[in-house]
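Per chain, numbering begins at 1; letters A, B, ... match sequence-line order.
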Number of protein chains: 2
Amino acid sequence: MNLVPNLVVDRLPVYLRALNVLEAEGKKTVRSEELGPRAGVNPELVRKDLSYFGRFGKQGRGYEVVALQAELRRLLGTDRQWSMVLVGAGHLGRAILAYPGFVSEGFVIIAAFDTDTSLIGELISGMRVRPAGELVSFVQSRRVDIGIIAVPPAAARRTAEVLHEAGIRAILNYAPVMLRLPPGLLVRNVDPVIALESMTFWRSHEVA
Amino acid sequence: MNLVPNLVVDRLPVYLRALNVLEAEGKKTVRSEELGPRAGVNPELVRKDLSYFGRFGKQGRGYEVVALQAELRRLLGTDRQWSMVLVGAGHLGRAILAYPGFVSEGFVIIAAFDTDTSLIGELISGMRVRPAGELVSFVQSRRVDIGIIAVPPAAARRTAEVLHEAGIRAILNYAPVMLRLPPGLLVRNVDPVIALESMTFWRSHEVA
DNA sequence: CCGTGTGAACAAATTCACAGCC
DNA sequence: GGCTGTGAATTTGTTCACACGG
């Protein structure tokens with residue numbers, strides 16, 4: 001499965017999102033001609049991408065919405081739960097704890113940590129904030145799949161190192177810094193400013 | 001400037017991030033050999049990418065950190081301010097209003113809107129929440145470059161339409177839905193679940 | 001002599017176009 | 001007849017390798 005291109009994998013969640021909408025709309029089947037545009041790609045790319053993993057469609061009919069949904073969830077691993085720990089319980093951390101979109105897709109935050117002693121013990125969205133010093137022992141005593149970094153930029157690298165040393169191999173990084181990745185560690189950045197800048201570039205270079 | 005590949009443009013903000021770190025570290029110059037890894041790409045790609053826009057380096061020396069920073073900011077348009085309106089003042093909206101990373105890069109939120117009457121008039125991070133009904137007239141009476149969508153998924157498409165009709169041509173979408181884009185409208189999605197799923201895919205297919 | 005800038009070689013991704021199945 | 005699945009053609013992106021400037 002290492003022969004599947006990265007870019008293909010990155011589109012699978014997008015297809016799943018589109019299927020969730022189709023399911024909510026009560027559609028039973030969908031053609032690549034419709035699924036493509038809903039995911040922002042063209043139809044033949046949908047077919048090509050899916051063909052890396054199997055033959056999920058039926059000629060003359062298209063794809064069964066619910067079946068393809070289940071198939072993608074299985075491929076993405078979201079047919080099971082993934083447990084996460086949050087580091088940083090400031091504004092961003094609070095919003096992350098309150099975000100309803102994680103649990104519905106199988107991502108569960110099981111603990112939150114912060115260095116700020118004034119926050120420790122506080123309940124945020126029903127979650128007690130623990131002292132950062134307990135992070136390593138917590139991770140080592142439980143199955144934790146993913147670490148979420150929501151600390152200030154200056155603390156991000158150190159936090160990533162601590163998480164990695166504690167045995168975590170996947171990090172969702174909200175801090176606006178690029179983390180240099182040790183081999184075997186997966187990192188995804190959530191960085192709205194980078195997203196904004198890729199729009200302002202085009203707006204700044206318009207011919208009009 | 002339309003001949004510049006999209007992928008190249010997407011990497012410019014990443015280079016800028018790396019340069020910001022280098023500047024904070026007090027480095028005066030940087031070679032592509034160092035800048036590449038810090039941005040998660042290899043050195044020759046840095047040189048090739050930058051060469052689309054000019055010759056910023058000096059042979060035998062590398063790039064001047066501050067000068068390249070300024071050059072990239074100019075290219076990305078972040079040498080000026082971009083004004084944004086926020087739609088949705090729930091948990092997510094609050095975190096967005098409190099996020100310090102926007103202003104430092106020239107992105108300023110000038111108004112916040114919500115449909116929830118119990119929120120209207122409330123002060124969040126010093127910003128008064130306005131009724132959603134005032135959104136269109138506000139946008140039409142001011143220069144607003146970017147709309148930020150932080151509403152529940154079901155309301156996202158309608159919000160995008162309203163922003164677009166009011167004349168906004170760039171949207172930062174935090175709602176977990178893919179917006180079908182009218183031509184001329186730029187959209188970037190900030191979706192942590194999609195980021196997570198592209199990691200769980202690989203973790204689910206490991207040979208080990 | 002070191003490191004950029006860049007054409008040329010290569011690799012990867014997307015689109016085309018159609019055979020085959022429902 | 002309609003739509004998938006897929007090799008082949010094409011386009012796009014990356015890496016190589018080296019000439020050239022500081």
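Among the heavy atoms of the strands lying under 4.0 Å from B:R47 is at least one base atom, whether or not backbone atoms are also near.
Listed by first then second residue, pairs satisfying ring pair (Phe, Tyr, Trp, His ring centres under 6.0 Å) with a partner in residues 156-193 of chain A number zero, not counting sequence neighbours. Each ring pair (Phe, Tyr, Trp, His ring centres under 6.0 Å) pair with one or both residues in residues 134-154 of chain B, not counting sequence neighbours, appears once here: B:F113-B:F138. The salt bridge (Lys or Arg N to Asp or Glu O under 4.0 Å) analysis of residues 79-92 of chain B, with sequence neighbours excluded, yields the pairs B:R80-B:D145. Listed by first and then second residue, the salt bridge (Lys or Arg N to Asp or Glu O under 4.0 Å) pairs involving residues 174-195 of chain B are A:R17-B:D191 (not counting sequence neighbours).
Between chain B and DNA chain D, the heavy-atom contact criterion of under 4.0 Å yields a 5' to 3' nucleotide range of D:dG13 to D:dG22. A nucleotide of DNA chain C counts as in contact with chain B when one of its atoms lies under 4.0 Å from a heavy atom; the first and last such, 5' to 3', are C:dC2 to C:dA8.
Residues satisfying the side chain to side chain donor-acceptor pair (under 3.5 Å) test with A:D116, not counting sequence neighbours, are A:S118. Taking A:E71 as the reference, A:R74 meet the side chain to side chain donor-acceptor pair (under 3.5 Å) condition, with sequence neighbours excluded. Here A:D49 pairs with A:R11, A:Y15 under the side chain to side chain donor-acceptor pair (under 3.5 Å) rule; sequence neighbours left out. With sequence neighbours excluded, the residues that form a side chain to side chain donor-acceptor pair (under 3.5 Å) with A:E161 are A:R158.
B:E34 and B:R38 are joined by a salt bridge, as a carboxylate oxygen and a charged side-chain nitrogen come within less than 4.0 angstrom of each other.
Contacts between residues 16-40 of chain B and DNA chain C, defined by a heavy-atom separation under 4.0 Å, are made by B:R31, B:S32. Near DNA chain C, defined here as any heavy-atom distance below 4.0 Å, the residues from residues 57-71 of chain A are A:Q59, A:R61, listed numerically.
Note: B:Q69 CD to B:N20 CG = 5.0 Å, rounded to the nearest 0.5 Å.
A side chain to side chain contact (heavy atoms under 4.5 Å, CB included) with A:I148 is found for one member of A:N173, A:V87, A:I96 and no other, namely A:I96.
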